[in-house]
Amino acid sequence: MRPVAIVGAGMIPFGELFGIGIKEMVPNALRAALDSVDKGIERREIQAAWFGELSTADGFPAGVLADSCGLLDIPVTRVENACATGNDAIRNAAHAVGGGYYDVALVVGADKTRETSARSTFWEWMGMMRDRAWDYPLGLIAPANFALHVQRYMHEYGVTREHLAMVAVKNHQNAMTNPFAHLRFEVTVEQVLNAPLVVEPFGVYDCTPQSDGAAAVIVAAADVIDRYTDRPVWVRGFGLGLDRIMHAHKADMTTFAATVKAARTAYAMAGVEPRDIDVAEVHDCFSGVELMNYEDLGFCGRGEAKTLIENGETSIGGRLPVNPSGGLKAKGHPPGATGVAQCFELFEQLRGDAGNQVDGARWGLAHNIGGPTAVAAVTILEGPDG
Amino acid sequence: MSILTIATYRPAWSGEGSARVPGRDEDVVTMAVDAALAALGGDHEIERLVLITRQPDYIESGLAGVVSVALDLSKASAVEERLGGGPAVLDAVAAAAPGTLVVAVSPQSPAGAAAVLVGETGASATFAGRVDRSLPIQIRTAGAAESRVYDDPRLLRERGWRPAIDQLKVRAEGTVVVAGVPAREAPKFGFDASFGSERPVGGAAEPLFAVAEMIERGVSGRIIAVEGGAAAALDIALGDARVVRKERAAPLAVQKTTAIQAEIPISLAAYERAFDAKLGLRAARCSCGELSYPPRTVCLACGAEGTPPLESLPRDGEVYTVTTIHTPIPGMVSPYSLAIVSLGDSGVRVLVHVTDAPAASVGIGRNGTLVLRRVATREGIPDYGYGFRPDEAFEGGEVA
């Protein structure tokens with residue numbers, strides 16, 4: 001595979017975007033990505049596009065991208081892979097460009113979670129994610145899906161709700177300075193602990209909000225990079241991992257097997273190890289999930305995540321800052337957009353342009369885990385000097 | 001005929017006062033299965049099951065198959081659904097052939113269910129008379145939500161109960177016990193008010209609760225069941241009968257909950273495909289030894305393809321992980337707890353809801369049993385499956 005780099009990336013602010021529809025969000029994200037290309041780019045230079053959308057806000061997703069962006073003369077493919085959609089869309093585009101089929105490809109991720117009432121969203125999404133006869137009638141909503149893991153994880157490793165709260169506090173703090181974040185306010189450990197319980201052990205502030213949003217990246221082959229930028233961010237590795245779809249079939253629920261597999265593949269492809277990563281954007285849909293990710297991604301050993309968060313090692317200025325953008329927790333989580341927006345944050349970090357800049361960051365890692373905790377995607381990026 | 005075993009079941013919950021009420025995941029079918037399992041123990045070889053209630057939850061579609069699969073009855077065992085009250089239950093016991101299980105369910109407060117296994121030996125139960133009259137002092141038109149009550153309790157007592165009881169107590173030997181009459185009325189008919197004074201259940205199951213008490217107390221005599229103007233009587237002679245009580249000594253107060261009405265869709269095609277494995281709690285045994293639950297095309301362990309035979313899973317289990325959903329969810333009643341439970345030494349885990357216990361009261365490592373429950377009602381269709389009942393929730397007792 002020939003080297004592939006991100007030459008442009010952009011997003012629109014995440015939030016409850018009641019005023020605009022998916023057909024405005026997608027071209028706006030594309031515009032932001034086009035404008036970020038240092039030496040400029042025209043839409044007609046895009047040769048193929050991948051569109052990550054988990055739901056179907058206004059119908060046929062590939063057509064929504066092609067039509068709303070005026071890209072009717074190139075192939076467009078929709079990618080849907082639960083919460084790993086965004087990073088998987090990037091993987092598909094990188095394969096096509098790396099394989100020599102296109103020189104310039106577009107990836108857009110978007111979702112409109114607030115298009116239907118907050119109540120109906122639960123069952124619409126559960127219908128997509130659960131077995132009709134077996135799991136669906138039990139009311140295994142998304143937070144419970146993760147809580148079953150985190151409860152066992154806390155039980156085995158002596159992790160407390162305070163440790164979970166520290167994740168929320170850190171990510172809210174990071175979102176304060178991110179103009180694209182959905183929840184730009186600080187919370188304290190006490191506020192997190194005293195908030196109403198949603199699903200044990202998660203209170204309101206342990207949970208991601210339901211956000212609308214869109215993000216886009218433009219990937220190009222090494223052969224044509226010079227046309228667009230002198231500061232490309234290289235796509236060095238990616239991996240996609242799967243696991244059993246029923247929780248009862250997961251032998252060890254203190255880990256996400258899908259993440260472990262995706263990370264192993266991505267590290268091997270990039271030729272780096274966890275200790276080489278300078279900044280990471282990981283899937284913190286619920287506070288405790290971020291702690292489990294530290295271990296599954298190899299940032300620390302089993303049961304050591306609580307020490308990392310206690311010591312501030314994953315805060316800005318720490319050994320390995322995690323979710324400097326605010327993460328899903330505070331930046332928001334429109335599933336199709338989430339992975340793409342993570343790579344937008346890393347694009348800025350690795351070029352030294354980020355709001356919460358991690359000094360001298362060279363290697364960045366993006367990660368999602370989703371569906372019935374059965375699919376994970378990891379993307380490893382390297383900055384321009386690599 | 002004779003009573004080999006008599007088992008009674010009362011729900012864990014109490015509503016207003018101390019009267020038992022079914023849990024929100026219980027109905028006639030699940031209470032029948034709870035009582036039947038208590039009566040059968042591990043022995044499921046019966047010829048016929050007669051299920052009697054005055055208040056079926058569902059009409060137009062029979063649910064006998066749910067009972068049959070949940071009890072793992074052989075295909076030769078017939079399940080018969082009957083509409084009736086206390087007199088019909090005593091009739092059924094008197095007429096039953098050996099190998100019959102008569103199950104009576106009273107789903108309304110005070111709620112309970114009872115099951116009698118009829119055999120050749122045990123406490124003999126002999127038909128002692130019947131009165132067929134109708135005094136419909138309380139009646140509900142099919143499809144109507146509310147009963148109509150003709151408000152004249154003395155008319156019922158003097159022209160309904162008294163003539164029937166007077167007729168049926170003639171030539172009775174030993175103690176005469178009446179079911180279907182409030183305890184406070186018993187002295188007015190010359191009966192010992194201490195007997196069955198607590199009246200733990202009403203409706204169809206009440207006479208069987210009375211019989212269980214007679215056997216426990218070593219009292220032989222006659223049980224008379226009345227319902228409106230109708231009545232039936234059985235003579236009970238003591239013998240080697242087993243009494244099984246399945247109930248929580250101290251009931252749980254019904255919890256404060258939040259419900260948001262919403263229609264949850266069902267796929268009856270998926271329901272039908274899952275039926276045998278889901279309601280029978282049966283897993284597929286691959287030739288490599290691995291049990292797959294639910295059954296699947298490709299083995300979880302060795303990857304072999306096929307449709308291996310089903311076998312029953314153990315019902316005892318230990319909680320591997322558990323969470324409680326506190327937030328209101330459309331179509332659900334919150335809070336509710338979901339657990340992943342490891343079943344016996346089978347190596348199989350199942351995802352189930354926690355039942356017969358307050359939400360958030362069950363932790364990792366808790367032991368318990370899977371019990372048939374109405375897991376959800378979707379588009380009006382009852383969706384049966386299993387719930388996890390923590391052990392301490394029920395203090396079962398047996399009296400030889």
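- Comparing B:Leu338, B:Val350, B:Val375 by how many heavy-atom pairs each has under 4.5 Å with chain A, the most go to B:Leu338.
- With a 4.5 Å cut-off on non-hydrogen atoms, A:His249 touches chain B through its side chain but not through its backbone.
- Contact annotation for residues 273-291 of chain B against chain A (heavy-atom separation below 4.5 Å, listed by residue number): B:Ala274, B:Ala277, B:Lys278.
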- Task: List the steps and the verdict of side-chain contact (heavy atoms from CB on, under 4.5 Å) for A:Tyr136 and B:Ile264.
- Result: CA-CA 9 Å; A:Tyr136 184 71; B:Ile264 309 174; 3.6 Å; yes
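- Annotation: the span from A:Leu197 atom CG to B:Ile325 atom CD1 amounts to 11.0 Å, rounded to 0.5 Å.
- Using a 4.5 Å heavy-atom cutoff, the side chains of B:Pro265 and A:Arg132 are in contact.
- Residues satisfying the side chain to side chain donor-acceptor pair (under 3.5 Å) criterion with A:Thr259, sequence neighbours excluded, are A:His367.
- If you tally non-hydrogen atom pairs under 4.5 Å between each of A:His247, A:Met246, A:His155 and chain B, the highest count goes to A:His155.
- Under the 3.5 Å distance criterion, the side-chain polar atoms of B:Tyr336 are matched with a main-chain donor or acceptor of A:Gly139.
- Separation of the B:Tyr271 and A:Trp134 ring centroids does not fall under the 6.0 Å cut-off.
- Environment of OH in A:Tyr294: crowded, with over 12 heavy atoms of neighbouring residues, nucleotides or ligands closer than 6.0 Å.
- Between chain A and the options B:Glu272, B:His326, B:His353, heavy-atom pairs under 4.5 Å are most frequent for B:His326.
- Residues meeting the side chain to side chain donor-acceptor pair (under 3.5 Å) test with A:Tyr153, sequence neighbours left out: A:Glu295.
- Here the CD1-CD1 distance, from A:Ile141 to B:Ile329, works out to 3.5 Å after rounding to the nearest 0.5 Å.
- Under a 3.5 Å cut-off, the side chain of B:Thr321 and the backbone N or O of A:Leu148 do form a donor-acceptor pair.
- Checked by atom type and distance alone, the side chain of A:Arg244 pairs as donor or acceptor with a backbone atom of B:Leu300 at under 3.5 Å.
- Using a 4.5 Å heavy-atom threshold, the side chains of A:Pro137 and B:Arg378 count as touching.
- Of the listed residues (A:His149, A:Gln151, A:Lys250), the greatest number of heavy-atom pairs within a distance under 4.5 Å of chain B belongs to A:Gln151.
- A heavy-atom distance below 4.5 Å is found between the side chains of A:Met253 and B:Ile340.
- In this structure A:Thr254 satisfies the side chain to side chain donor-acceptor pair (under 3.5 Å) test together with A:Asp252, sequence neighbours excluded.
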